Amino acid sequence: MDAAGLPADKAHDSIRPLSAGNYRLFIESRQPWSTCIAFNGKIRIQYRLLKPGFQRAAAFYQGVCMNQEQTVPEGQNQEADELRNLSEQQRVRREKLAKLQSEGRDPFAVLTWNQTHHSKQIKDAFAEHENKDVSVAGRIMSFRDIGKAGFIDLQDRDGRIQVYLNAEGLGAEIYADIKTWDVGDIVGVEGYVFKTKRGEISVHANRMVLLTKSLEPLPEKFHGLRDPEIRYRRRYLDLIMNTQVMDTFKKRTQIIKCIRDYLDEREYIEVDTPILSTIASGAAARPFVTKSNALNLQLYLRIATELYLKRCIVGGMERVYDMGKNFRNEGIDIRHNPEFTMIELYQAYADYNDMMELLENLVAYTALKVCGSTTVTYQGTELNLAPPWRRLTMMDAVKEYGNIDFSAVKDDAEAQVLAKKHGLDHELKKKLKDCTKGDILNAAFEKFAEEHLIQPTFILDYPADISPLTKQKPGDPTMTERFEAFIFAREIANAYSELNDPIVQLDRFTQQARERELGDDEAYMLDEDFVASLEVGMPPTGGMGIGIDRLIMFLTDAYSIRDVILFPTMKPQS
RNA sequence: GGGAUGCUAGCUCAGUAGGUAGAGCAACGCCCUUUUAAGGCGUGGGUCACAGGUUCGAAUCCUGUGCAUCUCACCA
């Protein structure tokens, strides 16, 4: 035997040392020329390099050395070098795969499996299935080998079911073969349903097929996958290992379906509005910028669907919504992901009072359907979502929680004095002397009141300065018919009696343009065609936006928005 | 953008006055035909995130970088 562990009588002139204990040797496969690597005296076959034409490689694996006729061009060696970095466990699995493929049993060549049952179905109705034949499929989550018999925990879409297998039922040879399968592999099982001595509902296997080989070891069975970075980056592992993650995303789908059902029943029309647009308006946020090659044009990803949906109202649709992704180029934290799901809906001949009723009923309906109750527990706090929700004007909220009475404040100057007195000058974005009564009221609300709004609460009547798309309150042009709904101190919806006066709307946009010139890059962009649509005439309309991800967070008790978004935005790792 | 914390085997985590890197699970070999975090015996497995520095010697101390988590700001 030589250093690489090969029989001395075989020709090894194609074995070249790579580094201490590691050798590269070149062997012939059908095409193209491939390499294997010998590690510390053990032959390791790198299956990835061995394209179709495996017989000879496999023979080599079994100790018969191939004659060398040609070596790999230098340029290809890099790949072999990279493969040396595989862990022991990865190499073992690749060898197992190579062996199967060399025997003409390539698991990746399997096309279908006739899956007649799922785990939950069998477990939920055991009496009905007992002693009946079933065919299940899924991933091996654990394998308890007890000699001539064994138990596999098989995980499918709905959960897990145990498979019992023994040498008697399957044949000693096949049983021995199955023992080489790994946790993580995907298998098909045919057998009959029974209950073990310990009472575990199981499938007694009489046929098993390896449907897919897993080349990566799964995270540990007991502790599972905890590292949040891997959970978010490699969500598939998270879904496999953490069952509540699968539940959360199933619930997410149900919630979205519920919302659609609710609105569709009320004769709302679902529409798709553009994501790419030359103007990103309808909200105060910085957009993502992109570019059209065909049009040689700078485009923005939408930050809201509002202005397009109102055009639909102008067009006569009466009730519309768009549920989809918005994109805001802003900070990322447990409540914000750069792309997030939002529904905006608009109803002609309605106002913000109608939107309040719609929201509280919609949320209660969804909670009842998905969670089975209008009371949910979020992060240890019980939330009662049943209507009616508390209604409180912003001014009353500030009075109640901050002990400041803005109803007595006559003008901006007076408000500025109050702001100073209550330490609000640090909260304000602009210089105090530029702040209006509305700015200061809003700051006072955020500082004193917001954190107390744990149970669902509507905060009504926002200052006009921060609500450029909203109708003014009758009798008070500084205030608007706008509400935001808060749950657990977080905003989950924002709604208006929509401003439909094109002249006032143009004024508001002009004001926003001034703010933009003063450096506020979140001020609303002017959309002239939208104003033109209002000139055609939009009926009185109530509109609302609901943060879908945030609603889902409450209904699934998710701490972070990343826990309800399958693939949250992450920086690349390297 | 600021601050705090973390990054060690496939996974979950220990580790140290600065002196050859540890456990459990997983892997590999053997035993076991109703187990279920199965059990028993044995064996392998690491660029201690990355790059510098201090030192006879660095996973450990210092500096920088990357990524993540939390937090503040921004943001509704």
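The sequence lines fix the lettering, A, B, ..., with proteins before strands; numbering per chain opens at 1. In this text the structure is predicted, and so the values were computed from the model without any measurement.
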Check whether any side-chain N or O of [X] sits under 4.0 Å from OP1 or OP2 of [N], and answer yes or no.
{"X": "A:Lys221", "N": "B:A26", "answer": "yes"}
{"X": "A:Arg144", "N": "B:U35", "answer": "no"}
{"X": "A:Arg562", "N": "B:U69", "answer": "yes"}
{"X": "A:Arg198", "N": "B:U34", "answer": "no"}
{"X": "A:Lys96", "N": "B:C28", "answer": "yes"}

Base, sugar-phosphate, or nothing for [X], non-hydrogen atoms under 4.0 angstrom?
{"X": "A:Arg231", "value": "nothing"}
{"X": "A:Asp227", "value": "sugar-phosphate"}
{"X": "A:Gly224", "value": "sugar-phosphate"}
{"X": "A:Glu216", "value": "nothing"}
{"X": "A:Arg490", "value": "nothing"}
{"X": "A:Arg482", "value": "base"}
{"X": "A:Arg286", "value": "sugar-phosphate"}

Verify the distance criterion only: is there a donor paired with an acceptor across the side chains of A:Arg508 and A:Gln511 at less than 3.5 Å? no

Test for a donor-acceptor pair under 3.5 Å between the base of [N] and the side chain of [X], counting only N and O atoms.
{"X": "A:Tyr164", "N": "B:U33", "answer": "yes"}
{"X": "A:Glu88", "N": "B:G44", "answer": "yes"}
{"X": "A:Gln89", "N": "B:A26", "answer": "yes"}
{"X": "A:Glu229", "N": "B:U69", "answer": "no"}
{"X": "A:His223", "N": "B:C11", "answer": "no"}

Would you find more than 12 non-hydrogen atoms of other residues, nucleotides or ligands less than 6.0 Å from A:Lys179 atom NZ? yes

Evaluate the ring planes of A:Tyr164 and A:Phe194, with Trp represented by its six-membered ring, and classify them as parallel (under 30°), tilted (30 to 60°) or perpendicular (over 60°). perpendicular

When the ring planes of A:His204 and A:Tyr192 are compared, do they come out parallel, tilted or perpendicular, using 30° and 60° as the limits? parallel

State whether A:Arg139 and A:Asp156 are salt-bridged, where the test is any N-O pair (Lys NZ or Arg NE/NH1/NH2 against Asp/Glu carboxylate O) under 4.0 Å. no

Result for 5'-nearest mapping on RNA chain B, choosing between A:Val183 and A:Ala283, is A:Val183

